[in-house]
Undergrad: 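Mind having a look at this structure? Questions to follow.
Below, chain A is the first sequence line, B the second, and so on; all start at residue 1.
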Amino acid sequence: MKFKCIINGCLSHTRAQAEELNGFISRFLDPEASDGTTIIFYSQKDERKALPGLVPTQRAELVRIDRYHPESILDALARIEYSDDADLYLFPSGFAGSEIAVRWAFRQKGSSLVQVKHIDCTRDRVIAKKTAYVDHVLATFRLDRRPFCLSPARGCVDRLPIRARDNLVVTEHDFTGLNKGIRAHDFHWIPVEHAKHFENPRFLIVGGRGLQNKENVQFLKNMADAVGAEFGISRAVALNAWGPMHRLIGVSGTIAKPEICIAAGVSGAAAFYAGIEKSKFIIAINTDPLARIIKSSDVVVIDDYKTVMAELLKFFTFDGANEA
Amino acid sequence: MRILVCFKAAPDVEMLIDEDWAVDKKLKIDTSFVKNTLNTYDESALEIALNLRDASEALGTNVELSTLTVDGGGATAILKTLYALRFTKAVRIEPQEDLRFRPAATAAIICQYVLHHSPQDAVLLGRQSDIGENAKTSLLVAEMLGWPCISQATHIELADENHLMVTHQVDDGHIRQRIRTPCVFSVGDAPCTSLRVPTLRDRMQYGKKAVDVLSVEDFQLPVETETLTGLEILRHARAGVIIEGKNPAEKARVLYEEHLKPMLSQK
Ligand SMILES: Cc1cc2nc3c(=O)[nH]c(=O)nc-3n(C[C@H](O)[C@H](O)[C@H](O)COP(=O)(O)OP(=O)(O)OC[C@H]3O[C@@H](n4cnc5c(N)ncnc54)[C@H](O)[C@@H]3O)c2cc1C
């Protein structure tokens, strides 16, 4: 089976994409029967040097484009991939990966599936699983048409560091200028700063709509800072703009793997729960004894989150002072 | 500027209890007894479109909003609300087949509607539905129309008659750029975009207009390249041990001493 990994190196998380695809390949593809190439798109000349160290396959194609634009990547791909010999294209789980997977499959008259959790593949068909019914159900699909274009679900595999290869075969392409003119006007890139250990914190505190306003979200964030925990929010909190979107926990945000997670004022909708289900220990604080989160937590406090958290902080402060 | 917003109404599956989750032989799950809700991403798309119309009134440009749903009837109340919010046209296309996992079919209907029934300058739709969760329809609409697509849109403003200023989420940040229409906008996690509520007066005055219903027979549906072959219910039970105590302070003490402290002190 011939497969290609497509990585968007124009933004700032190239290594994370490469390690995710490396994890995916090592989990689902048979190394004896697979022959892989990685295509990395990049825009800054000075980033070129590091790219060979981010290749999870034996061959690499490094493609320079003006800047990240799905259209630029799709058009450049069409120029490189004219021979249609690939059976499988793998894209990372992020926004760019899942978008380009679908659009590339359409242009190649192939089949696509995004947010994929599991695959079983041969040259002629892929059986893949992904969630449906807002994460309550695992659906199995048969993909019938080559090339198969897949993008994994966030957090479905562990990242696997890339091992350096001495005999990496590298081909270079320069497609700068290819899409000159598309939307060149008024273009601003506004990066977000990610917390370093947001995916793998030891201790995570997450606040939901039960926090009721921005001030309470800040209260819980301050408490998380005080006790050395990372702080995340549910989509309801993010949509109300009580907290920033990059702290979103769940299928649409971060899939966290903390040792301990406190979910305060969260109902535990499946799309949220997917973001904390890999926690070793889950503590729910909720006023509603029938909330879905109750049955999917290890221990539960049925009470107002604010009073409980304020009391809890006293114990942390007391122990902290004694240790000092 | 003519803007079409496509939406889906779906049963609110968070209302189902554990026992309700069962898959039948046709790979269906009975959700007939729970109420339908508007998909959250489509809701944002609708409110963003209304904001564009509000701004157009101030800028003296003309924004005309219409809405389309491919739906068996569960969206009727929402369509009436959208009329009350003064969408000029509300269309329902009655499907005859199970389209839960057929995003290409839904996209083809939307595309043919724009090409043959009602030309548009922009199409807005949510990035992912609740039931199929396919996350493909909006992207396929753009591909089928041959229009550019801005995905994960979170904020759109009118620039002039042919341009929109859009902010959209990308991995690790946001991009803000000016886009020439025609364009498809796939709306993502857009803060502060709950759909406004129409006034009672507008409900009475505009909400009673008849919804246009088109038959799916007028549209050509493509063969899907992915076939659903199985559905399996996911269950996530943990112990759910309730911490007892006569007041919040006591519960916090038990939580801290019996659970948090021992776990956090492990190296
Ligand atoms: C395709 C799709 C993807 C999605 N992706 C995500 C995602 O990635 N992340 C995500 O979070 N959501 C996601 N959602 C939304 C998800 O389905 C839920 O709507 C959302 O998680 C609800 O957030 P919440 O639990 O904060 O709010 P609610 O469901 O409103 O729950 C609030 C909870 O707070 C409790 N409460 C109220 N007051 C108090 C108090 N004083 N003390 C303690 N408890 C209190 C209530 O009992 C209730 O249980 C997605 C939805 C869709 C359709």
Undergrad: Below 4.5 Å from any heavy atom of chain B, which atoms of A:Ile293 appear? Answer side chain, backbone, both or neither.
TA: neither
Undergrad: Check B:Asp189 with A:Arg235, please: is the shortest side-chain N to carboxylate O separation under 4.0 Å?
TA: yes
Undergrad: What part of A:Arg142 gets closer than 4.5 Å to chain B, counting heavy atoms only: side chain, backbone, both or neither?
TA: both
Undergrad: Counting only non-hydrogen atoms closer than 4.5 Å, does A:Lys280 touch chain B with its backbone (N, CA, C, O), its side chain (CB onward), both, or neither?
TA: backbone
Undergrad: Evaluate the side-chain hydrogen bond (donor to acceptor under 3.5 Å, both in side chains) criterion for residues A:Ser297 and A:Tyr273: first the C-alpha distance (whole Å), next the side-chain angles of each, then the deciding distance (0.1 Å), finally the verdict.
TA: CA-CA 10 Å; A:Ser297 299; A:Tyr273 189 75; over 6 Å; no
Undergrad: Given that the side chain runs from C-beta out, which part of A:Leu11 has a heavy atom under 4.5 Å from chain B: side chain, backbone, both or neither?
TA: side chain
Undergrad: B:His174 versus chain A, heavy atoms under 4.5 Å apart: side chain, backbone, both or neither?
TA: both
Undergrad: Check this for me: does any side-chain nitrogen of one of A:Glu71 and A:Arg103 sit under 4.0 Å from a carboxylate oxygen of the other?
TA: yes
Undergrad: Quick one about A:Thr131 and B:Glu133 (side-chain donor to acceptor, distance below 3.5 Å, no hydrogens or angles considered), yes or no?
TA: yes
Undergrad: Side chain from CB out, backbone as N, CA, C, O: work out which of these in A:Leu138 comes under 4.5 Å of a heavy atom of chain B, or both, or neither.
TA: both
Undergrad: Non-hydrogen atoms of chain A under 4.5 Å away: do they reach the side chain of B:Ala104, the backbone, both or neither?
TA: neither
Undergrad: Please state whether the side chain, the backbone, both or neither of A:Asn240 comes within less than 4.5 Å of a heavy atom of chain B.
TA: backbone
Undergrad: What part of A:Lys130 is in contact with chain B, defined as an atom under 4.5 angstrom from a non-hydrogen atom: side chain, backbone, both or neither?
TA: side chain
Undergrad: Select one option (side chain, backbone, both, neither) describing which atoms of B:Arg100 are under 4.5 Å from chain A's heavy atoms.
TA: side chain
Undergrad: Side chain, backbone, both or neither: which part of B:Leu27 has an atom under 4.5 Å from a heavy atom of chain A?
TA: neither
Undergrad: Determine whether a donor-acceptor pair (N or O, by modelled atom type, separation under 3.5 Å) exists between the side chain of B:Asp42 and the backbone of B:Leu125.
TA: no
Undergrad: If you apply the rule side-chain hydrogen bond (donor to acceptor under 3.5 Å, both in side chains), what do you find for B:Glu226 with A:Ser111, and how did you get there?
TA: CA-CA 6 Å; B:Glu226 305 81 28; A:Ser111 22; 4.6 Å; no
Undergrad: Let me know if B:Gln152 has heavy atoms under 4.5 Å from chain A in its side chain, its backbone, both or neither.
TA: side chain
Undergrad: Using heavy-atom distances under 4.5 Å, tell me whether B:Gln169 contacts chain A through its side chain, its backbone, both, or neither.
TA: both
Undergrad: I would like to know whether B:Tyr256 and A:Phe316 meet ring-ring contact (aromatic ring centres under 6.0 Å, His included); could you show each step before the answer?
TA: CA-CA 8 Å; B:Tyr256 183 75; A:Phe316 276 99; 5.0 Å; yes
